[in-house]
Asks: 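Here it is, the structure in full.
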Amino acid sequence: MSHLSIATAGEFAPARYRPATKLGVTGFGFYVYLLSDAILFSALFATFAVLKTATAGGPTARDLFELKNVGLETACLLTSSFVCGLAMQAAEARRPRELIALLGVVFLLGAGFLGLEIREFAGMIAAGAGPDRSAFLSAFFALVGAHGLHITVGLIWIGLLAAHLTTMGFSESYHRRLFCFSLFWHVLDVVWIAIFTFVYLLGVQS
Amino acid sequence: MTETVAPLPTHLRTPGTDARGSTGRWPTYAVGFALAASLTIASFALARGHWLTPASLVAALVVLAIAQMIVHLIFFLHITTAPAQKTNILALLLTLLIISLVVIGSLWIMAQLSTHMMPMDQLMQMQR
């Protein structure tokens, strides 16, 4: 008895000639979307790199960024990516309670990340270093804000996944959605690596 | 129980799954997590400490970031260079090409523009 019946169509055909599974097709399509999202982020990164020094006499990266806060954000996001992997396995083993608990942990860590980021943004805006201060800050808020927006969407998605599981239980389509979410979440973590390296760690050097 | 799932044909493999169509086992994630965490700690330690010259620090941080992205791709997204994942790798490579065109191209063009542009104060004087 297979729990994860992703190879139902043409189960008895020789492996090579089996039609692509729905999970395979959806997963690949979502992966292509994520790659296009990476291109969107690369445009924002390029903008930031060009405008990095255009501070218009305002505060620079060195004045604004606190590496301690960035370290905490990184820890939250990396751990949540790991827990998300564990959640996928709980789903494959059809353990709903464990899955809900792990999704809860992913949500809390993501919300923690978002809270730290909002606090940082609010502090900067209150100190007169909002996106309207200089081209450098506009580019910074656009890039890091776009990532934060993705995280927000991810948090809403976790809520929907939890509600879906509690009301309708496991199904093939549920697994597909959870799978797309896990890809989304892992890719956001990859984008964050680029942000903490190129924006924060390299930003405070110059 | 998941062991009974028939192996997926190699050319149909989804990014994020292994041969069984499964998303891997927890030790894989634990190894990835440990590697990623140590690379992150190394990045932050290097950026905070003053052991390297500015140029070598930039190089070190870039290398660490790329290494960590590869760790994420392999251990979390399960993208490898296996022949089974040809489509995934090709899509990834095309994306990397576009990303490098966008980033390097923008920086190049804007740097050229600012070298060839008259300094702002002279420009202002001409306009007077």
Side-chain angles (χ1 to χ4, degrees), chain A residues 1-7 11 15-21 23-28 31-32 35-36 38-39 42-43 45-47 49-50 67 70-71 74-75 78-79 81-82 84-86 88-89 91-94 179 182-183 186-187 189-190 193-194 196-198 200-202 204-206, chain B residues 1-2 4-17 20-26 28-30 32-33 36-37 39-41 43-44 46-48 54 57-58 61-62 64-65 68-69 72-73 75-77 87-88 91-92 94-95 98-100 102-107 109-111:
Chain A
M1 189 183 97
S2 92
H3 287 298
L4 178 63
S5 50
I6 52 171
E11 184 112 35
R16 231 188 107 62
Y17 303 109
R18 241 181 249 165
T21 60
L23 180 71
V25 174
T26 312
F28 185 70
Y31 173 66
V32 171
L35 291 176
S36 77
I39 294 172
S42 80
F45 271 108
T47 312
V50 167
L67 287 192
V70 184
T74 308
L78 181 59
T79 315
S81 217
F82 171 60
C84 185
L86 300 183
M88 279 307 292
Q89 282 159 52
E92 272 171 36
R94 295 288 195 266
F179 177 70
S182 82
L183 286 181
H186 291 318
V187 167
D189 204 11
V190 175
I193 298 171
F196 83 67
T197 302
F198 294 106
Y200 290 101
L201 293 185
L202 288 175
V204 295
Q205 304 305 326
S206 48
Chain B
M1 286 298 238
T2 45
T4 54
V5 176
L8 269 184
T10 49
H11 63 296
L12 298 179
R13 233 184 258 174
T14 318
T17 62
R20 254 182 257 94
S22 152
T23 45
R25 299 278 162 266
W26 74 265
T28 318
Y29 283 100
F33 181 65
L39 287 167
T40 306
I41 291 166
S43 290
F44 276 82
L46 280 179
R48 288 202 143 175
L57 179 63
V58 172
L61 287 178
V62 171
L64 283 172
Q68 202 184 333
M69 285 180 190
H72 278 246
L73 285 178
F75 291 94
F76 290 169
L77 287 157
T87 329
N88 300 340
L92 183 66
L94 177 66
T95 311
I98 297 173
I99 288 176
S100 45
V102 169
V103 174
I104 298 170
S106 304
L107 285 171
I109 287 176
M110 296 312 284

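Chain A is the first sequence line, chain B the second, and so forth, proteins listed ahead of strands; every chain is numbered from 1.
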Asks: Where on Ala30(B) is there a heavy atom nearer than 4.5 Å to chain A: the side chain, the backbone, both, or neither?
Replies: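 Answer is both: backbone and side chain atoms of Ala30(B) are under 4.5 Å from chain A.
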
Asks: Checking Ala75(A) against chain B: side chain, backbone, both or neither under 4.5 Å from a heavy atom?
Replies: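 Neither part; nothing is under 4.5 Å.
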
Asks: Once rounded to the nearest 0.5 Å, what's the spacing between atom OG of Ser81(A) and atom OH of Tyr29(B)?
Replies: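 It is 8.5 Å, given to the nearest 0.5 Å.
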
Asks: Is there a side-chain contact between Phe45(A) and Ile99(B) in this structure, where contact means two heavy atoms from C-beta onward sitting under 4.5 Å apart?
Replies: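 Contact flag for Phe45(A)/Ile99(B) side chains = no.
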
Asks: Could you state the interatomic distance from CD1 (Ile193(A)) to CG (Leu64(B)), rounded to the nearest 0.5 Å?
Replies: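 Atom-to-atom, Ile193(A):CD1 and Leu64(B):CG are 11.0 Å apart.
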
Asks: Specify the closest pair of heavy atoms between Gln205(A) and Ala47(B), including all atoms of both residues, with the distance to one decimal.
Replies: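 Here Gln205(A) and Ala47(B) meet closest at NE2-O, 3.2 Å.
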
Asks: For Thr197(A), give me all partners under side-chain hydrogen bond (donor to acceptor under 3.5 Å, both in side chains), at least two apart in sequence or on another chain.
Replies: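 Residues passing side-chain hydrogen bond (donor to acceptor under 3.5 Å, both in side chains) with Thr197(A): none at all.
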
Asks: Taking all non-hydrogen atoms of both residues, which atom of Leu92(B) and which atom of Tyr31(A) are closest, and how far apart?
Replies: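 Looks like CB-OH, 3.6 Å.
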
Asks: Within this structure, what is the OH-CG distance for the pair Tyr200(A) and Leu61(B), rounded to the nearest 0.5 Å?
Replies: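 Between Tyr200(A) OH and Leu61(B) CG, I get 15.5 Å after rounding to 0.5 Å.
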
Asks: Once rounded to the nearest 0.5 Å, what's the spacing between atom CG of Leu202(A) and atom OG of Ser43(B)?
Replies: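 Rounded to the nearest 0.5 Å, the CG-OG separation comes out at 9.0 Å.
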
Asks: Count the heavy-atom pairs under 4.5 Å between each of Cys84(A), Ala49(A), Ala91(A) and chain B, then report the option with the highest count.
Replies: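 Option with the top pair count is Ala49(A).
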
Asks: Report which part of Met110(B) has an atom under 4.5 Å of a heavy atom belonging to chain A: side chain, backbone, both, or neither.
Replies: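 Side chain only.
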
Asks: Please list, chain by chain and in numerical order, all residues satisfying side-chain hydrogen bond (donor to acceptor under 3.5 Å, both in side chains) with Thr79(A), sequence neighbours excluded.
Replies: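 Partners of Thr79(A) under the side-chain hydrogen bond (donor to acceptor under 3.5 Å, both in side chains) test: none.
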
Asks: Measuring heavy-atom distances to chain B, does Phe198(A) have an atom under 4.5 Å in its side chain, in its backbone, in both, or in neither?
Replies: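 Only the side chain of Phe198(A) comes within 4.5 Å of chain B.
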
Asks: So, taking the atom named OG1 in Thr95(B) and the one named CD1 in Ile39(A), what distance separates them when rounded to the nearest 0.5 Å?
Replies: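 Here the interatomic distance stands at 5.0 Å.
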
Asks: Quick one, Phe76(B) with Val190(A), criterion side-chain contact (heavy atoms from CB on, under 4.5 Å). Give me CA distance, side-chain angles, the key distance, then yes/no.
Replies: CA-CA 10 Å; Phe76(B) 290 169; Val190(A) 175; over 6 Å; no

Asks: Flag the pair Leu78(A) / His72(B) as yes when at least one side-chain heavy-atom distance between them is below 4.5 Å, and no otherwise.
Replies: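 Yes, at least one pair of side-chain atoms sits under 4.5 Å.
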
Asks: Nearest 0.5 angstrom please: Phe28(A) CZ to Thr87(B) OG1, how far?
Replies: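 The distance works out to 5.5 Å.
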
